[in-house]
Amino acid sequence: MEKVYNPGIIEAKWYKWWEENGLFHSRPNSEGRPYTIVIPPPNVTGMLTIGHVLNNTLQDILIRWKRMEDYETLWMPGTDHAGIATQNVVEQTLAKEGKTRHQLGREKFVEKIWQWKQKYGGIIIQQLKMLGCSCDWERERFTMDEVLSRAVREAFVQLYEKGLIYRGKYIVNWCPRCQTALSDEESVHQEEKGSLWHIKYPLKDEDKYVTVATTRPETMLGDTAVAVNPNDERYLALVGKILILPLVDREIPIVADEFVDPEFGTGAVKVTPAHDPDDFEIAGRHKLPQIMVMNKDATMNELAGSEYEGMDRYQCREKLLGDLRTQELLVKTEDYTYSVSHCERCGTVLEPYLSDQWFVKTKPLAAWAIEAVQTGQLRFFPGHWVKTYLHWLENIKDWCISRQLWWGHRIPIWYCQCGHQFAVREDPQECPRCGGKNLAQDEDVLDTWFSSWLWPFSTMGWPQNTPELRYFYPTNALVTAPDIIFLWAARMVMAGYEFMGECPFRDVYFTSLVRDLQGSKMSKSLGNSPDPTQVMKQFGADALRFTMTMLSPQGQDVYYSNEKVELGRNFCNKIWNAARFVFSNLPEKGEGKETKAESGELELADRWILSRLNQAVRSLSNSLREYRFNEAAHCIYDFFWHEYCDWYLELIKPRLYQSSAEKGSKSARQLTAKVLRVSMQLLHPFMPFITEEIWHRLNAEENGTSIMVSPWPQCDQQAINESVERDMSVLQEFIVAIRNIRAEMNIPPDRKADVMVRSSGKESLRLIQDNEGYITNLAKVQNLCAGPEVNKPHQHCATAVVKGMEVFVPLAGLIDSDRERERLGREVERLSEQLECFSGRLEDGNFLKKAPAEVVKKERQKHSDCRKNLEKLLVNLRTLDRVQGSRGAEKK
RNA sequence: GGGCGAUUAGCUCAGUCGGUUAGAGCGCCACGCUCACAUCGUGGAGGUCACUGGUUCGAGUCCAGUAUCGCCCA
């Protein structure tokens, strides 16, 4: 075995082996219990990001853990066609050839996207494999597969037939660059600095003005009214009068509407029904006309007037402001910060745009999703997301599902010349009402999330009642980033109830958001997202997985940098070397099988490590059950490194170096191998590759089954032994005290020290005497002498007090008295402060009266222990002064 | 404007039921390549638990308010 762990070859080897042996595949199995997770399908355009790494590592941990717990586990993988994102990518490649999708035509363009998908759509899947994800690749799905497309159509038609899908002319979020409508959830708000312009609108036939304030002056070309609050006394007399819209000379009324906030601007607002959602509402109430002054690409159209026609919206704004200034109608300009909507996909500022779109009535669907959380059928981890989720559902708006794109599921609505429109599951041959054959399908496609919200059951074959659906549905856990809680998670819950009659998953775990060290969200556009495949090549997939898990606390963001992966890399190396050490001392043939009889041979260290191991098993499983992944990772990290390696392996070295005939040697070898084996199992969900490698080397003589399907370790309550752990911690403290003296007194490592221990406590003395070997070995001690009557050596020596035992380390010729006095002084100071704290509490009558007896007793014990230790230290400090003093006198 | 979260060592974070003498990793300092590991070991330094009040015998932990930062929604 190499001295340094080299993940490259090992990772590739085992992934191939797992796949070839079908270890990821699962099928309905009435003998076993199902455990299911569906992957949040990455976009086909996607490249693996550090966010994917976190998300998919956590899913893999759950899946591998449950698989070892003997569940029939299905991790359903696949990709999302990602309407706008993918169309944009392919349009960009076309643009490089100087072509547009319109030149190609719809059919050719869609064909082109399919070609692109065949070629590049699998990249992220390969990257997930590199990460070690144990998805059932035989079941890989794509949202535009035939089966999933059928599900989309079925869902649409069902909702349509129930009257939950309708078409209407409303103001929607419009991206002038993508030239499509978007849902509210796809628009991203950003605070931006802009201006608030105050513009005078003259009254008809009067020499008076009304001043309105606006952040978007160019839309005034489409104004059809000015509105004021009905309770605003400033404007009471003006309501009903007519204004002349500047630059356009259109006559528009002044209306009163509760919606207007008298505090905003001048209290009078311009009303542009075709270009503002609030104004659209006002117009509805007052029967105002809607005038669209923009084209789909946000240039001004002929209704904006010949002066402005053809100009971009911002160009128009500049010219228009200049014109107003010339006419002295621009009263003032204020700095103003307000929220601006941007396209989630391309960042372009969205335009509220009046157009015909398809919507889903979401209120009836939301009711189920609300109840699911309130009744506890659906649980969130961490729980605080419940509020966010409920708030959205309780205020839900109808969902705009039509997109003016070419890539996606075409809306299954047909129009007949007779005026009939209908939705059908199969492409129709004729109009069901008039029999006409001249039918046209709706040109638009569906929002990409309209297929994603069906994902938990469409991937299993719905609407057919497949064995998979019956067995694996509903799924157990959803692991997702919180930024798609509305776009995806909440909608899946709605769809689950609507189409399957139950919640699609039991638990939802929201992952941490990954940020860089400056706190910015990792994103492609910022260029601060490292390439995880490079990190895996450098450090290994296991290292990256473990680091991400360890660094991601439940419910908080995680700050990532490549350097942090050294944590995982170093841990891999530690595991590798511990294993190397164990292998060099493996039980000989025939010794390997554990027998019950061995327990008689166990010594303190053995019983201790077994106790600690079983505590780790218990707490690790508990943490995973509560989705506390970082806690689970910490647990096994601390156990393996700081208990197994730092203490146990060091403690048993003398026994290992003896011949196997010696007492304790055999049990040490067996036990060290056993603990390593169980540790590998506990670590396997986190670090699948290195654990598989070591597992096979450990079980070389067996038939080579995978650690993946080995049974998850169970906590053996019998092995947990509090008194053993207490004894061991006394010894550890003892050893550390001697090491401390050695280090502080600069005793060279190769020089063995003598140690004397004085104590009246029989038990602690026996503990020291019985385990002398541990101390001499780990603290590099030559002669250890312990007893109730041990005399402090006359020569110079360093002292410490551990649990009432006085420890003397004679240091003839070595001691630096000043240093020792300083060291003891520090210790005395520390203990004095503690003692004061305990005393204060015990002198407090209220404490004695009101605190539980248990606590008071404990406090008394602590106080007396502390006092005894302190007294002993003080005595030793004084002796030191005396010796020093007499020496000082001699020198004189 | 409403909601959520955070504030603990130089940095990143743990801290369960209020009983704590506040922990870890990284970084720092000292010593050491001791026959698994220098991607390591041993030891050490480093804290007014954001602030102000309150509840309590006892508060990092519970309550109220303030400040700063982040996110979501309008």
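For the numbers below, each heavy atom of this structure counts, side chains included, while hydrogens, waters and symmetry mates do not. Just so it is clear: chains get the letters A, B, ... in the order the sequence lines come, proteins before strands, and each one is counted from 1.
Contact annotation for A:Glu650: base contact, defined as any heavy-atom pair under 4.0 Å involving a base atom. When heavy atoms are screened at a 4.0 angstrom cut-off, A:Pro482 is found touching no nucleic acid atom at all. In this structure, A:Cys645 reaches the bases: a heavy-atom distance under 4.0 Å links it to at least one base atom across the strands shown. A:Lys387 comes within 4.0 angstrom of sugar-phosphate atoms only, judged by non-hydrogen atoms across all strands, and of no base. Within 4.0 Å (heavy atoms only), A:Glu744 reaches sugar-phosphate atoms of the nucleic acid but no base atom. Among the protein residues, A:Asp638 comes within range of no part of the nucleic acid, since none of its heavy atoms lies under 4.0 Å from any strand.
Nearest nucleotide to the side chain of A:Arg580, out of B:G44, B:C37, B:G5: B:C37. When the nucleotides B:C72, B:A38, B:G5 are ranked by their closest atom to the side chain of A:Lys3, B:A38 comes out on top. The side chain of A:Arg830 lies closest to B:U21, out of B:G25, B:U21, B:C73. Ranking B:G41, B:U12, B:U21 by closeness to the A:Glu859 side chain, first place goes to B:U21.
When each of A:Leu649 and A:Asn846 is assigned the nucleotide of RNA chain B with its nearest heavy atom, A:Leu649 is the one assigned upstream, toward the 5' end.
Judged by distance alone with a 3.5 Å cut-off, no donor-acceptor contact links the side chain of A:Arg739 to the base of B:U42. Judged by distance alone, with hydrogens and angles left aside, A:Lys849 brings no side-chain donor or acceptor close enough to the base of B:C57 to form a pair under 3.5 Å. Side-chain atoms of A:Lys653 and base atoms of B:A36 include a donor and an acceptor less than 3.5 Å apart.
On the C1' atoms, B:C62 is 25 Å away from B:G2, given to the nearest whole Å. Nucleotides B:U21 and B:A67, compared at atom P, are 33 Å apart to the nearest Å. Here, B:U55 and B:G15 have their P atoms 28 Å apart, quoted to the whole Å.
For the pair A:Trp647 and B:G41, the criterion of a side-chain N or O lying under 4.0 Å from OP1 or OP2 is not met. Taking only side-chain nitrogens and oxygens, A:His391 never comes nearer than 4.0 Å to OP1 or OP2 of B:G2.
A:Trp392 and A:Phe486 have their aromatic ring centers within a separation under 6.0 angstrom.
Side chains of A:Tyr560 and A:Asn562: a donor on one and an acceptor on the other come within 3.5 Å.
In RNA chain B, stems built from 3 or more consecutive Watson-Crick or G-U wobble pairs, each with both distances under 3.5 Å, span B:1-7 with B:67-73, B:10-13 with B:23-26, B:28-32 with B:40-44, B:50-54 with B:62-66.
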Enumerate all atom pairs, one protein N or O and one N or O from nucleotides 13-18 of chain B, separated by less than 3.5 Å.
{"from": "B:A14", "atom 1": "OP1", "to": "A:Gln556", "atom 2": "OE1", "distance (Å)": "3.0"}

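The aromatic rings of A:Phe546 and A:Tyr637 sit parallel to each other, their planes meeting at less than 30°, with 60° as the upper class boundary. Note on ring orientation: taking the six-membered ring where Trp is involved, the planes of A:His863 and A:Phe838 are perpendicular (angle over 60°, cut-offs 30° and 60°).
Taking the syn range as angles within 90° of 0, the glycosidic angle of B:C29 is outside it, so the base is anti.
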